[in-house]
Amino acid sequence: MIAITLPDGTIRSFPSGSTGLDIALSIGRKLAQDALALKVDGKAVDLGMPLTADAAIEILTFDSPEGKNVFWHSASHIMAQAVEELFPGSRFGAGPAIDQGFYYDIASPHRFREPDLRQIEERMLEIGRRDITITREEMPRDAAIEFFSTVRQDPYKVEILEDTLKQVDTVSLYHQDKFTDLCIGPHLTSTSKLKAVLLTNISSSFWRGDSSRENMQRIYGIAFPSEKLLKEYAARIEEAKRRDHRKLGAELELFMLTPEVGSGLPIWLPKGAIIRNELESFLKEEQRKRGYLPVYTPHIGNIELYKRSGHYPYYSDSQFPPLTYHDEDGSQEQYLLKPMNCPHHHLIYSNRIRSYRDLPIRLTEFGTVYRHEQSGELNGLVRARGFTQDDSHIYCRPDQLVDEICNAIDLTQYVFSTLGFSSVQTRLSMHDPANQAKYGGTPEVWEQAEKDVKEAADRMGIDYFIGIGEASFYGPKIDFIVRDALDRKWQLGTVQVDYVMPERFDLSYVGSDGQKHRPVVIHRAPFGSMERFIGVLIEHTAGNFPLWLAPVQAIVLPIAEDIHDYAKSVHQAMLAAGIRTEIDIRSEKVGKKIRDAEVGKIPCMIVVGQKEQENGEVSLRRHRIGDAGRFSLNGMIEQLQKEITGRT
RNA sequence: GCUGAUGUAGCUCAGUCGGUAGAGCACUUCCUUGGUAAGGAAGAGGUCAUCGGUUCAAGUCCGAUCAUCAGCUCCA
């Protein structure tokens with residue numbers, strides 16, 4: 001007998017050789033039905049694996065991320081089997097489970113098209129109905145190479161065995177009917193668990209992510225153990241589409257993109273410009289309190305400036321080509337649309353001699369930069385070719401560095417919390433020591449910089465994870481990452497330490513010893529890019545902006561034409577109070593006016609009729625909440641003003 | 001940049017077998033004057049993304065280009 005510890009702490013004994021399924025059955029019929037795999041002492045294994053020693057176990061079902069992972073991984077194998085049956089000659093690359101489903105990279109003489117997906121889905125469900133047992137087999141690596149070379153004739157699996165797995169002696173194969181895949185597992189015990197599947201799209205990928213290798217066709221999908229779960233998934237996708245900032249941006253007239261101006265060059269419409277303006281004012285106000293000095297710099301700069309900073313050689317392929325100016329005497333000058341603001345700020349710093357007493361100096365600018373992102377990368381506001389950074393550079397003494405990083409983190413956190421972003425991930429982006437050539441500066445400098453970043457992050461008590469190889473070429477960063485409505489991750493704010501630029505630009509200050517010293521630079525941008533931030537904000541709020549940001553804060557809705565004069569006076573009073581207010585004097589019923597205002601996501605609807613007019617009152621209706629009651633005009637204005645200035 | 005898909009009125013979308021375009025919403029005008037999510041009628045609105053080809057005839061078939069979307073790759 002062996003002692004099995006269950007997740008709730010109870011210990012039960014089972015005959016040696018019992019499987020996960022046996023244990024699940026002993027606990028309950030439902031659990032046995034839902035069981036997908038087993039976790040033994042923290043390691044996921046097949047449900048059918050016999051247990052021969054005492055262990056702590058957990059039955060994995062579709063409710064847990066690990067259970068989903070097993071389910072989707074098996075679904076990708078089932079898809080491969082379906083593809084193999086339908087399109088003989090297909091060879092299989094990598095087919096993992098991902099955050100939301102799975103994919104398989106396939107090399108096939110057949111070019112997959114949309115209707116094929118429906119056919120493959122059908123076949124997958126049919127394979128599910130066949131109730132094929134999935135079995136694991138372990139064999140020496142050599143035998144597996146032999147197997148995949150001759151029986152399966154799959155060169156991709158052979159390559160994985162010969163390359164990625166060359167240190168491994170024994171590998172595992174999973175068989176289901178005639179289909180066999182090289183896989184570490186675990187997997188479902190039978191194909192019959194698959195009850196619902198949706199293949200979502202076809203795209204291409206490079207074999208092993210290497211653009212010099214062959215293209216493969218990648219089929220993405222998601223699968224569920226019940227129809228009901230698939231329906232729920234489809235509903236979530238619909239909701240995400242409704243929140244898409246590109247769709248809402250057009251509907252709410254916030255911004256536009258047109259090839260007549262250029263791909264990836266957003267234009268702010270009046271309503272979007274209000275939001276951006278409010279956000280900029282908010283940050284400017286906050287920065288004024290924190291000792292920042294506003295500056296302005298031009299949109300283009302001499303190419304020599306960026307060669308000196310190191311940006312040009314590192315990123316020349318993602319910049320717009322230089323503008324070349326030929327002089328009469330034959331000499332030429334080249335200018336770049338500025339890809340970065342920092343070089344300009346460094347020149348401002350070195351425009352005069354700085355004393356140690358002057359530091360820290362915090363230069364700040366909403367600086368528009370231009371980067372020629374690959375066409376396939378462009379995505380509304382969140383990935384644009386022209387965008388504005390809320391860019392500041394803090395020049396400080398080494399002894400001030402950690403404090404200044406903390407100040408920058410504090411500001412960033414304040415911005416995020418004011419805007420209601422609660423689930424922000426923080427990444428300490430460190431350099432990859434194995435790839436030193438990618439970075440400027442010496443290893444000693446990097447060590448110091450990363451130590452300082454960590455110290456600041458710890459002092460601020462932020463919950464971070466470390467991203468090796470995510471640093472910029474001049475220093476480590478603290479990156480603030482949020483997810484959009486489609487669950488894609490976007491980096492917004494950033495705080496970066498830089499010991500490299502001060503060298504390149506020969507920045508200095510005079511210390512108390514009368515000698516020249518090197519300052520350290522912090523690059524920081526709480527919003528990151530105004531475009532991206534607002535794009536994510538649109539999706540985050542679904543276009544229901546807080547009152548202080550709403551492009552139209554209130555709309556006056558007179559009930560009938562004989563109230564128009566009073567309605568107009570209310571409108572005027574609100575405009576005079578600085579509240580962005582419109583008035584709806586169409587000859588529509590109030591129900592219609594309210595509906596249009598609700599659809600337009602206007603936070604406050606001011607309904608006025610005979611009753612309000614008699615007492616100099618207004619009725620307030622809040623967006624998505626409903627009737628808020630009757631107030632005196634001035635009382636309501638005061639209340640709204642308080643809400644606006646409080647940015648709540 | 002690569003692979004695939006898409007592009008018809010301001011928006012959402014029909015448009016069969018190739019025979020010169022249609023709905024709903026929005027807009028304008030008129031009627032209606034109302035109490036918390038859609039009152040009624042009429043009107044206007046189109047180089048069917050662009051360019052080229054096939055055809056007696058192209059929104060429809062073919063090719064190229066541009067843009068957008070999904071993914072890959074890249075990312076300061």
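Below, read A as the first sequence line, B as the second, and so on, with proteins coming before strands; counting in each chain starts at 1. Since we're looking at a predicted model, the values are computed, not measured.
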For the side chain of A:D627, counting heavy atoms from C-beta on, which of B:U36, B:G34, B:C72 is nearest? B:U36

Have a look at A:T200 and say if it touches a base, only the backbone sugar-phosphate, or nothing, with a 4.0 Å heavy-atom cut-off. nothing

Aromatic plane relationship, A:H431 with A:Y439 - under 30° parallel, 30 to 60° tilted, over 60° perpendicular: perpendicular

Distances for protein N/O vs nucleotides 46-52 of chain B N/O pairs under 3.5 angstrom?
none

Filtered N/O pairs between nucleotides 5-12 of chain B and protein, under 3.5 Å:
residue: B:A5; atom: OP1; partner: A:R113; partner atom: NH1; Å: 2.2

So what does A:Y103 touch, heavy atoms closer than 4.0 Å: a base, only the sugar-phosphate, or nothing? nothing

Rounded to whole Å, please give me the gap between CG in A:N379 and C1' in B:A67. 14 Å

With the criterion being N/O to N/O and under 3.5 Å, what pairs connect the protein with nucleotides 74-76 of chain B, and how long is each?
residue: B:C75; atom: O2; partner: A:R383; partner atom: NH1; Å: 2.9
residue: B:C75; atom: O2; partner: A:R383; partner atom: NH2; Å: 2.5
residue: B:A76; atom: OP1; partner: A:Y315; partner atom: OH; Å: 3.2
residue: B:A76; atom: N6; partner: A:Y315; partner atom: O; Å: 3.3
residue: B:A76; atom: N6; partner: A:S318; partner atom: OG; Å: 2.1

What stem regions, each of at least 3 consecutive Watson-Crick or G-U pairs below 3.5 Å, can be found for RNA chain B? B:1-7 with B:66-72, B:10-13 with B:22-25, B:27-31 with B:39-43, B:49-53 with B:61-65

Atom CG of A:L198 and atom P of B:A70: how far apart are they, to the nearest Å? 16 Å

Once you measure the plane-to-plane angle for A:F480 and A:F416, does it fall in the parallel (<30°), tilted (30-60°) or perpendicular (>60°) bin? tilted

Between the protein and nucleotides 23-33 of chain B, which nitrogen or oxygen pairs are less than 3.5 angstrom apart?
residue: B:A26; atom: OP1; partner: A:K592; partner atom: NZ; Å: 2.5
residue: B:U32; atom: O4; partner: A:S587; partner atom: OG; Å: 3.1
residue: B:U33; atom: O2; partner: A:E561; partner atom: N; Å: 2.6
residue: B:U33; atom: N3; partner: A:E561; partner atom: OE1; Å: 2.9
residue: B:U33; atom: O4; partner: A:E561; partner atom: OE1; Å: 2.1

What is the separation between atom CG on A:L557 and atom P on B:A38, rounded to the nearest whole Å? 14 Å

Closest to the A:S375 side chain, choosing from B:C69, B:A38, B:G1: B:G1

With sequence neighbours left out, write down each residue that passes side-chain contact (heavy atoms from CB on, under 4.5 Å) with A:D391, or none if nothing qualifies. A:N341, A:Q389, A:H393

Under a 4.5 Å cut-off applied to non-hydrogen side-chain atoms, are A:K568 and A:P558 in contact? no

Would A:R91 count as a cation-pi partner of A:Y156, with NZ or CZ less than 6.0 Å from the six-membered ring centre and within 45° of the ring normal? no

Is the ring pair A:Y104/A:H77 parallel, tilted or perpendicular, if the boundaries are 30 and 60 degrees? tilted

Applying a 4.0 Å non-hydrogen cut-off, can you work out what A:E260 is touching in the nucleic acid: base, sugar-phosphate, or nothing? nothing

